[in-house]
Amino acid sequence: ARPRTLRKSEQLRQGLPNHAPREQRHGGPWTIEEEAYMNRIIHYFNAGLLESAEGMTLRGLLAQMLDCDPMRITKKFAGTSCLGKRVYRQYKETTTAQMAVAAQDLK
C-alpha cells in the first residue's frame, strides 16, 4: 500500500518543510550563484555550524535551502562526488557567535 500524502496544514503542524509546488521550484542547469551558495551550505554543514539542521541529511538541507527537488541534488552529486547519507550533527565546541556568522552568510 502506498503511504498517505500529508496535506500542507498537516505538514506545518508536524514541522515538515513546506516546499513550493514542483512547477515553481528551481530546476535546470545550475547557475554560478547557486553553486557558490551550495558550496557555502556544504562548508557550514561539514563544520557543524548550522543552527536548525540537526538530524537533516545534506541532500535534504540543500534541496530545502535551494528550493529545488531533492533529485536535482542527487543528480548534481552523482558518481564520485556522491553525498551519501550524511546526517548533520552540531559540534559541541560550536559557539553561538560562530553559528550567527554562518546564518548571516547564508541569508
Side-chain angles (χ1 to χ4, degrees):
R2 192 174 176 174
R4 183 174 80 84
T5 304
L6 297 176
R7 293 182 186 158
K8 283 191 178 197
S9 59
E10 291 173 310
Q11 288 178 340
L12 291 173
R13 265 184 277 153
Q14 293 183 15
L16 297 173
N18 185 14
H19 292 294
R22 181 167 270 169
E23 62 275 358
Q24 293 178 357
R25 290 188 189 171
H26 296 261
W30 290 85
T31 65
I32 294 169
E33 293 83 6
E34 280 181 311
E35 291 202 20
Y37 185 59
M38 179 180 52
N39 288 330
R40 290 197 321 270
I41 295 169
I42 293 169
H43 168 76
Y44 291 126
F45 182 95
N46 291 335
L49 295 174
L50 300 175
E51 204 167 335
S52 61
E54 189 69 30
M56 287 188 78
T57 63
L58 180 54
R59 175 182 179 251
L61 180 67
L62 287 170
Q64 180 182 1
M65 293 187 78
L66 292 166
D67 195 26
C68 67
D69 193 291
M71 184 52 97
R72 185 173 184 235
I73 305 296
T74 301
K75 289 177 182 178
K76 173 74 176 168
F77 290 97
T80 56
S81 59
C82 182
L83 296 177
K85 296 187 180 198
R86 293 193 287 179
V87 176
Y88 180 78
R89 299 284 179 244
Q90 184 179 358
Y91 292 112
K92 293 178 180 160
E93 299 84 24
T94 302
T95 66
T96 307
Q98 290 172 313
M99 291 172 64
V101 169
Q104 184 63 36
D105 184 38
L106 293 175
K107 281 189 177 181

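In this text the structure is predicted, and so the values were computed from the model without any measurement.
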- To the nearest 0.5 Å, atom CG of Leu61 lies from atom CE of Met38 at 12.0 Å
- Query: Atom NZ of Lys76 and atom CG of Leu66: how far apart are they, to the nearest 0.5 Å?
  - Reply: 10.5 Å
- Got a sec, which pairs hit ring pair (Phe, Tyr, Trp, His ring centres under 6.0 Å) with one end in residues 45-70, sequence neighbours left out? Phe45-Tyr88
- Message: Under the rule for side-chain hydrogen bond (donor to acceptor under 3.5 Å, both in side chains), what residues qualify as partners of Asp105, not counting sequence neighbours?
- Response: Arg40, Tyr44
- Note on the structure: Applying side chain to side chain contact (heavy atoms under 4.5 Å, CB included) to Thr31 and not counting sequence neighbours gives Glu33, Glu34
- Query: What are the two closest heavy atoms between Cys68 and Ile73, and how far apart are they?
  - Reply: SG-CD1, 3.7 Å
- Message: Would you compute the distance between atom CD1 of Ile41 and atom CG of Leu50 and round it to the nearest 0.5 angstrom?
- Response: 8.0 Å
- Task: Would you mind reporting whether Arg59 and Phe77 have side-chain heavy atoms less than 4.5 Å apart?
- Result: no
- Item | side chain to side chain contact (heavy atoms under 4.5 Å, CB included) evaluation trace for Glu35 with Ile32 | CA-CA 5 Å; Glu35 291 202 20; Ile32 294 169; 5.9 Å; no
- With sequence neighbours excluded, residues passing side chain to side chain contact (heavy atoms under 4.5 Å, CB included) with Met99: Glu51, Gln90, Thr94
- Task: Find the distance between CG (Leu106) and NE2 (His43) and round it off to the nearest 0.5 Å.
- Result: 9.5 Å
